Student: 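This is the structure I want to talk about, given as structure tokens.
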2 protein chains.
Amino acid sequence: MVVYLVGAGPGDPELVTIKAVKLLKEADVVIYDRLANKEILKEAAGAELIYVGKKAGTHYKTQDEINQILIDEGQKHDTVVRLKGGDPFVFGRGGEEMLALLEKGIEVEIVPGVTSAIGVPGTVGLPVTHRGVATSFTVVTGHEDPTKTENQVKWDFNADTIIILMGIGKLEVNVQEIMKYKSPETPVCIIEKGTMPGQRIVTGTLRNITQQDIKPPALVIIGPVVDVYNDIINLKS
Amino acid sequence: MVVYLVGAGPGDPELVTIKAVKLLKEADVVIYDRLANKEILKEAAGAELIYVGKKAGTHYKTQDEINQILIDEGQKHDTVVRLKGGDPFVFGRGGEEMLALLEKGIEVEIVPGVTSAIGVPGTVGLPVTHRGVATSFTVVTGHEDPTKTENQVKWDFNADTIIILMGIGKLEVNVQEIMKYKSPETPVCIIEKGTMPGQRIVTGTLRNITQQDIKPPALVIIGPVVDVYNDIINLKS
């Protein structure tokens with residue numbers, strides 16, 4: 001009777017951990033959402049699969065409904081895997097699911113994954129830290145809680161690199177906010193469909209990045225490390 | 001003739017990616033440092049192993065020497081794995097190694113790993129983000145560049161969670177700096193030897209955390225998510 005909250009990584013099925021694969025093979029039930037690359041589910045050949053994915057705006061299941069499914073399955077089975085894109089604790093609502101399960105006396109174990117925030121820029125050769133360029137980075141969600149009327153996030157992060165997950169829907173308004181604190185010439189890189197087929201990379205500056213046509217899912221990286229990435233691209237070509 | 005810069009994860013050999021294990025099995029040479037758990041090297045049974053680990057203060061190899069080893073091995077072999085603790089681009093100097101290799105025309109591929117910054121708190125049940133509590137986190141190094149005379153890092157990060165890697169040597173002075181911007185009652189959690197045998201967890205506040213006896217390697221997490229962790233621990237007991 002253990003529910004494992006498991007990170008599935010940024011999308012590439014080879015960027016899943018050994019432990020995640022082992023648990024998928026052992027699982028009685030796998031509860032997954034739309035962020036996880038479905039290829040990964042092939043490892044769970046013996047398990048019942050339950051889809052609880054959400055779409056921005058139109059919720060397929062509420063978080064309370066998902067928590068209840070986790071509780072119900074956790075009470076019935078030995079090994080339940082709750083598979084989440086990226087890492088379960090990076091905007092994955094893993095903390096809420098863990099609390100809901102523990103309140104019902106169900107054992108929970110966390111299996112971290114490669115977060116998209118670091119792994120997606122990593123695979124394209126964009127280092128989120130770089131000696132003499134960036135000794136800190138901030139990861140933030142660009143997706144507002146739909147029940148909130150005010151912008152929760154204040155954008156005066158003083159880290160050298162800012163990484164925005166789910167940052168496309170509100171990109172224009174958020175970039176305006178960030179320009180209150182950072183130069184409009186600060187370089188920006190946006191990676192669509194990171195580590196997956198159809199990956200697309202766009203670079204620019206805070207001033208001009210929103211003129212580009214960008215579609216979610218995409219990751220936004222802001223700061224001088226984008227210039228390091230540009231150097232790397234020039235060396236490759 | 002490819003050099004793979006590969007993240008080995010936070011320590012637990014099961015938190016390595018499928019791709020990392022596959023590359024270790026194929027590798028002609030594996031170049032590793034002291035942060036990687038040596039258990040992981042068992043996967044590289046057919047490879048020559050080269051240790052280039054550094055100790056704080058007394059450098060075993062300089063970064064230039066390491067870069068030269070990577071270039072030499074990259075020119076001689078088909079598959080060279082440069083294995084790094086955590087993720088190669090989170091204070092791993094992966095960007096510098098990548099640039100040095102590309103300048104010599106050697107192909108480089110990045111294989112991201114689970115960073116200790118997120119994976120270590122994750123495995124103990126400490127979420128770095130949590131709905132209504134933390135919508136942003138900053139990761140920063142506490143280890144100063146020994147060639148710099150001034151403190152490079154300004155600690156006025158406005159993220160909800162601050163995570164310090166290599167943060168023990170300068171903990172006292174850095175906590176004093178952080179208290180200029182955050183309340184002394186802000187909760188703090190320190191995890192020694194995360195995900196490995198001998199793991200030890202200490203909690204407190206900015207005001208009193210330095211009264212504890214803490215030994216590196218350890219990770220420092222600061223912010224209200226530490227209270228979520230305390231709730232989780234209470235539910236578990």
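Computed from a prediction, not measured in an experiment: that's the story for all the values here. A, B, ... follow the sequence lines: proteins, then strands. Residue 1 opens every chain. The analysis underlying the following values was restricted to heavy atoms, covering all of them including side chains, and did not include hydrogens, waters or symmetry mates.
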Student: Counting distance only, does the side-chain N/O of B:N158 pair as donor-acceptor with the main-chain N or O of A:F157 below 3.5 Å?
Tutor: no

Student: Is it the backbone or the side chain of A:V128 that comes under 4.5 Å from a heavy atom of chain B, or both, or neither?
Tutor: both

Student: Would B:I18 and A:E43 count as a side chain to side chain contact (heavy atoms under 4.5 Å, CB included) here? Give the steps.
Tutor: CA-CA 12 Å; B:I18 300 294; A:E43 302 290 348; over 6 Å; no

Student: Under 4.5 Å, counting heavy-atom pairs only, tell me which of A:V21, A:I118, A:V111 racks up the most with chain B.
Tutor: A:I118

Student: A:V140, A:L15, A:V133, A:I163: which one forms the most heavy-atom pairs within less than 4.5 Å of chain B?
Tutor: A:L15

Student: Among A:L165, A:I162, A:V228, A:V16, which residue forms the greatest number of heavy-atom pairs with chain B at distances under 4.5 Å?
Tutor: A:V16

Student: Under 4.5 Å from any heavy atom of chain B, what part of A:D87 do you find: side chain, backbone, both or neither?
Tutor: side chain

Student: Does B:M98 form a side chain to side chain contact (heavy atoms under 4.5 Å, CB included) with A:K236? I'd like the steps, not just the answer.
Tutor: CA-CA 11 Å; B:M98 189 171 192; A:K236 276 185 175 178; 4.1 Å; yes

Student: Can you give me the closest heavy-atom contact between A:I110 and B:G125, atom names plus distance?
Tutor: CG1-CA, 4.5 Å

Student: Only pairs of heavy atoms separated by less than 4.5 Å count here; which of A:T115, A:L126, A:V124, A:V108 has the most with chain B?
Tutor: A:L126

Student: Test A:T138 against B:V139 for side chain to side chain contact (heavy atoms under 4.5 Å, CB included), laying out the working first.
Tutor: CA-CA 6 Å; A:T138 292; B:V139 179; over 6 Å; no

Student: Just do the side chain to side chain contact (heavy atoms under 4.5 Å, CB included) check on A:F137 and B:V90 with the steps written out, would you?
Tutor: CA-CA 9 Å; A:F137 63 93; B:V90 176; 4.1 Å; yes

Student: Can any side-chain N or O of B:T129 pair as donor or acceptor with the backbone N or O of A:F89 at less than 3.5 Å?
Tutor: yes

